[in-house]
Amino acid sequence: MNRTGTEVLRALLIVAVVVAVLWYGFGLLSQPDLFVNLSPTLSKLVQALIAVVLGVIGIWALFYAGNTIIEALPGKASEFFRPYLFVVPALVVVGVYLIYPAVGTITQSITDRPEGEGALFNYAEAFTNPEMLIILRNNLMWLLIVPIVSVVFGLVFAGLVDRIKLESLAKSFVFLPLAISFVGAAVIWQFVYAWKPAGQPQIGILNAFWMWAGGFLVDWGIISEVEPIPWLFETPMNNFALMVIMIWLQVGFAMVVLSAAIKGVPTEMTEAARIDGASERQIFFKITIPSIRGALLVVYTTIAIAVLKVFDLIFVTTGGNLDTSVIAVEMYQQMFRFRNLGFAATLAVILLVAVIPIMVVNLRNLRRQGIGA
């Protein structure tokens, strides 16, 4: 047997061994009795470590064996099949874990409906039910307010912090909330918005400050009395209070991206404008902002997608009650609380359709900047 045949045979043997080891290894991980002598925490840690080692080494071995087989092919055939060796596994994963579930969700949204109703019953219910109309209104409010305000504040901070000496420290403080999970941010702001009836000690920062400042207003005769404000219990104020949390989380992201974009604006342009007598305000609005339009659009679309999927903040703070629910929260409620899988699938499809135009705008913007095909 020549050298090429030996290499192919060795590669096939590697593939067979790796598949057998992976099959046996992951089979052992599915047996809980194997780790019965370990503590629960140590057992999970050992299982995770074994899974990572098997997965990483196994995938590397499979790619190595596949590349060896392709190298043994004639020149043109090798060049043709080599890209598919690395692309096809990724496409299979995307197909199995993304495309197939998406198609299944769309199918379920049409077929899983009350007996005797039309195919589009769930969609008609989603756009005619009074409660759903409130939910859709909330999503629209979030989509209109949060990305715009986040981008504006991020742009303002990006323009200001670049002019101070402690730029890194200032950026760290503004960026810090982004490192907090949505659940953690919701818990923090629950203490900020905490409310107790009048006459009781206020543990919420906002109400404590309001009662303190309101006391002076009463003494000066500006108002007759002051009472604590139930920020999360009054509609529509509770929706805006929740939006503040999201804005607080996203401003840091907007600031960092836009600050980098501003630093990329050619200094020759701004210096020439100053020589021509342009003010700093004119330079900012006539030169800087048009120059970073692509970055502004990327930041806006990224935050908009995050807003469409917002779930944690609302679920932890209000649970979607008091007219604060959005599509993601309602989808969870319909699926796990009411077991209405068809309607939950419909809401998932609505979210998918809402995200697609934003993604198209983002991709076109990237292509305009020469990024991507």
Side-chain angles (χ1 to χ4, degrees), residues 94-150 182-183 186 235-236 238-240 242-243 245-247 249-250 297-298 300-365:
V94 170
V96 171
Y97 293 102
L98 185 62
I99 298 177
Y100 175 73
V103 174
T105 301
I106 295 172
T107 303
Q108 188 174 29
S109 70
I110 298 174
T111 59
D112 192 347
R113 61 187 188 275
E115 187 176 353
E117 299 292 347
L120 299 179
F121 170 80
N122 288 324
Y123 291 93
E125 184 72 11
F127 290 102
T128 57
N129 186 288
E131 294 182 0
M132 277 303 305
L133 292 178
I134 294 175
I135 291 171
L136 294 174
R137 179 207 66 188
N138 290 342
N139 262 101
L140 184 60
M141 289 171 54
W142 277 75
L143 192 59
L144 290 176
I145 296 174
V146 174
I148 293 176
V149 175
S150 299
F182 279 27
V183 174
T235 304
N238 48 11
N239 281 294
F240 294 108
L242 294 174
M243 293 179 197
I245 307 176
M246 188 69 170
I247 293 169
L249 289 170
Q250 297 298 325
L297 194 55
V298 169
Y300 177 86
T301 53
T302 302
I303 297 176
I305 293 173
V307 165
L308 284 173
K309 300 185 297 181
V310 65
F311 169 82
D312 318 58
L313 293 180
I314 298 172
F315 190 79
V316 172
T317 51
T318 64
N321 300 313
L322 304 170
D323 292 343
T324 60
S325 187
V326 292
I327 294 178
V329 174
E330 184 64 17
M331 179 176 63
Y332 174 87
Q333 300 283 14
Q334 291 291 335
M335 179 175 290
F336 296 105
R337 183 179 178 185
F338 304 115
R339 304 303 299 173
N340 190 352
L341 303 184
F343 194 69
T346 301
L347 296 179
V349 174
I350 292 174
L351 270 183
L352 175 63
V353 172
V355 168
I356 289 175
I358 301 175
M359 293 299 300
V360 171
V361 171
N362 205 1
L363 290 174
R364 286 183 176 179
N365 176 57

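Hydrogens, waters and symmetry mates are skipped; everything else that's a heavy atom, side chains included, is used.
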[atom2] on [Y] to [atom1] on [X], rounded to 0.5 Å:
| X | Y | atom1 | atom2 | result |
| --- | --- | --- | --- | --- |
| D323 | R137 | CG | CZ | 6.0 Å |
| I327 | K309 | CD1 | NZ | 13.5 Å |
| L347 | N122 | CG | CG | 8.5 Å |

TODO: Please state whether the rings of F336 and Y332 are parallel, tilted or perpendicular, taking 30° and 60° as the class boundaries.
DONE: tilted

- [ ] State whether the number of non-hydrogen atoms from other residues, nucleotides or ligands found under 6.0 Å of F338 atom CZ is greater than 12.
- [x] yes

- [ ] Give a yes or no on this: more than 12 heavy atoms of other residues, nucleotides or ligands lie within 6.0 Å of atom CZ of R364.
- [x]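 No - once you tally the heavy atoms of other residues, nucleotides and ligands closer than 6.0 Å, there are 12 at most.
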
TODO: Name all residues meeting the side chain to side chain contact (heavy atoms under 4.5 Å, CB included) criterion together with N238; count only those two or more places apart in sequence or in a different chain, and write none if there are none.
DONE: T235, L322, T324

TODO: Could you list the residues that satisfy side chain to side chain contact (heavy atoms under 4.5 Å, CB included) with A354, not counting sequence neighbours?
DONE: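 Scan of A354 (side chain to side chain contact (heavy atoms under 4.5 Å, CB included), adjacent residues dropped) gives L308.
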
TODO: Taking the side chain as every heavy atom from C-beta outward, state whether Y123 and V349 have any atom pair closer than 4.5 Å.
DONE: yes

- [ ] With the side chain counted from C-beta on, respond yes when E125 and M132 share a heavy-atom pair under 4.5 Å apart, and no when they do not.
- [x]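 Counting from C-beta outward, E125 and M132 never come under 4.5 Å.
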
Open item on the list: Run the side-chain contact (heavy atoms from CB on, under 4.5 Å) test on I148 and Y300 for me, step by step, so that the C-alpha distance in whole Å, both residues' side-chain angles and the decisive distance to 0.1 Å come before the verdict.
Closed with: CA-CA 7 Å; I148 293 176; Y300 177 86; 3.8 Å; yes

- [ ] Check the pair F240 / I145 against side-chain contact (heavy atoms from CB on, under 4.5 Å), numbers first and verdict last.
- [x] CA-CA 9 Å; F240 294 108; I145 296 174; 3.6 Å; yes

